[in-house]
Amino acid sequence: MATKRINLIFIFTLFLIFLPALFIFPPKIFAKDYAIGVVNIEIVLNSDQSFHVSESRTYDFDGSYTWADLWIPTTVTREGNSYDVLIANFQIQALDGTQVSTLEQSQTADKFYVKWSYQAADESKTFIWNYDVLGDGVKKHADIAEFYWQVVGSDWVKSAGPVTVTVILPDTFEKSQIYVFGHGPLEGQAQIINGQTVEFATPSLAAEQFLEVRVLFPTSALDSNLKSDQTTLAQILQEEEKFRRQTEAKLKRQKLLEQFLVIYFLIVAPAIFLGWLWWWYKKYQRHGKEYKGLAIPKYFADLPSDTPPAIIQSFLSMGGSPTPSAFVATILNLARKKFLRIEDQGMVSGGLFGLEKKYQTAIYKLPPPKSAGLKSNDYKNQEKWDLGFQDLTDHEKDLLNLLFGKISHSELVFFEQIKSHFKNSTAAYQWFQDWQKTVRDETKRFAFFDEESTKVAKKFTLLSAIFAVLTANILILSLSLILYKPLLRRSKAKADEYEKWVGFKNFLTDFGKFKDIPPEAYKLWEFYLVYAVLFGNAKEILKKLPLILQDPQAVQAGWYVYAGTVSGGFGTSFAQSLASFTTNFSTGVTTSMSTGAGGGFSGGGGGGGGGGGGGAG
């Protein structure tokens, strides 16, 4: 009995001695863990569609570790894109020179797997592995080459960062010929370093989040005997634009959700909030409710007014900013008004099968039209010459100055110069923002909006902001920005015009569905085209344009000189050439304004090859 008592006392004493150690050193005794820090990946693309990968990955071990592994899918189909590759020449080493041995390496029909051994305890260790990816990792499309790859797959169970991915192209090109897109972490950035090197970087990458890169470059970098598919650059750019819009929408939804959750916990006086909402409703009933205009039918075929398209876009969106489509429509409208001439020019260049004739689109700045009241020799007097442009709006003058003062220093500018300017110039984006502000300011001067409602809306927003601060009510502050626009209303004098523009937009949208060509189309087709480009419905007009132009009563345009290479008569040739210009110009300028020479990542994608993950133990 005494012996048992002594044993219990001894055990209890040991427990008291080691109890503090359980709290001081809990990770050392009970658990081990690791984290992944800096990740650097360099990918060198080859002309035969293969590429070489060199990856450096730093592991921070807390505890004792002896192995790590890695796997890469080799046969995958994602978002309609298929990849079938092989991993070859895999080699791994530790940066500190300590021994690393391969425990297992295999390659099945759909996955490459490797596991290696080492010794690490409570330390950082950087592993560097190299391998070749053979097969169709680099795609050759109809008019562009594409590298679309998940350089970090969603199977990595640990976060990492910072992560930097460098891609080296098989050849050197102009920056304007290269496109870069990153998918995954929204804080990531993609940029073109030089004509052969692009870089993707993110400060952090969450666990189970992929990092996907997409690089587009000319097909001349790939071997000429490689088979190409029918995918086009325009299709890829359209897909990336869709990703960008989805990401923006997702971020907006997340932001609104976050605001709502914060607001939910901060609301202390719901009765005050409801009172404020009632106050806004009374203001809306009195000052914001739209005046009733004419009972315009669904379709309105006549041009409501000869107001510049950018102004109309801002008018219809209650003073919002014009989009790139307004920029393109403004150029077409200036050409229609005889301030510009658009011309397809042929040029001869060397090709695989001898000389080839290609076409480039040129835009000429013309003297002011005769309607401006100038005499034939007035061009000698600069002051009189400038007066010929005085009837143009400020935003139209700014656009002419951009084309013939900044992009080109002559009376001629090429379409490719405009695209290149918006894609590669950091000042171009600022110019476009300034141009948008000019349009918004001019829209106000057109007296489209009711002055009293504008004053009420501004006063409401200011008082709501003050009230929100005093009551610590974020919901009021957020909603006041949303409820500002409904308080604005169009002026009574412009109510009829607004209804006509709505009917006119409906008319252009469904133009291609009409069995018979409306009689107004023969004299107004130029206007239809300008505003259809603005509304994004140009293809509906262009579809019927050959029939319109073949009719003797149709107005003929002298502002567009077409290539004349399409068979089928003047109407068909002119219409198809104009359709090609309008589509390419709108897509090219809009894409260049949207993407630029790099930019942030989007949250879409997921269609690239590669991927996989890894772990340690």
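Keep in mind that what you see is a predicted model, and the values were worked out from it rather than measured. Numbers for residues simply follow the sequence, beginning at 1.
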* Asked: Between Q235 and T232, is there a donor-acceptor pair closer than 3.5 Å when you use the side chain of the first and the backbone of the second?
  -> yes
* **Ring centres under 6.0 angstrom apart (Y528, W525)** => no
* Asked: Under 4.0 Å between a Lys/Arg side-chain N and an Asp/Glu carboxylate O for R440 and E442?
  -> no
* Count the heavy atoms belonging to other residues, nucleotides or ligands that lie under 6.0 Å from NZ of K140, then report whether that count exceeds 12. => yes
* Side-chain donor or acceptor of Y148 paired with backbone N/O of L216 under 3.5 Å -> no
* Please test T393 against E396 for side-chain hydrogen bond (donor to acceptor under 3.5 Å, both in side chains), starting from the C-alpha separation and ending with a verdict. => CA-CA 5 Å; T393 62; E396 289 173 322; 3.2 Å; yes
* Test: D496 and K500 ion pair at under 4.0 Å -> no
* Decide side-chain hydrogen bond (donor to acceptor under 3.5 Å, both in side chains) for N194 and T197; before the verdict, give the C-alpha distance in whole Å, the side-chain angles of both, and the deciding distance to 0.1 Å. => CA-CA 5 Å; N194 54 49; T197 307; 3.2 Å; yes
* To do: Determine, for K437 against D434, whether the closest basic-nitrogen to carboxylate-oxygen distance falls under 4.0 angstrom.
  => no
* **salt bridge (charged side-chain N to carboxylate O under 4.0 Å, His left out) assessment of K242 paired with E240** => CA-CA 5 Å; K242 177 183 176 182; E240 287 296 332; over 6 Å; no
* Fit a plane to each ring of F511 and F507, take the angle between them on a 0 to 90° scale, and name the class: parallel (under 30°), tilted (30 to 60°) or perpendicular (over 60°). => perpendicular
* Structure fact -> For residues 303-330, the salt bridge (Lys or Arg N to Asp or Glu O under 4.0 Å) pairs (sequence neighbours left out) are D306-R336
* Is any NZ, NE, NH1 or NH2 atom of the basic residue among D398 and K406 found under 4.0 Å from an Asp or Glu carboxylate oxygen of the other? -> no
* To do: Specify whether F504 and W501 have parallel, tilted or perpendicular ring planes, treating 30° as the upper limit for parallel and 60° as the lower limit for perpendicular.
  => perpendicular
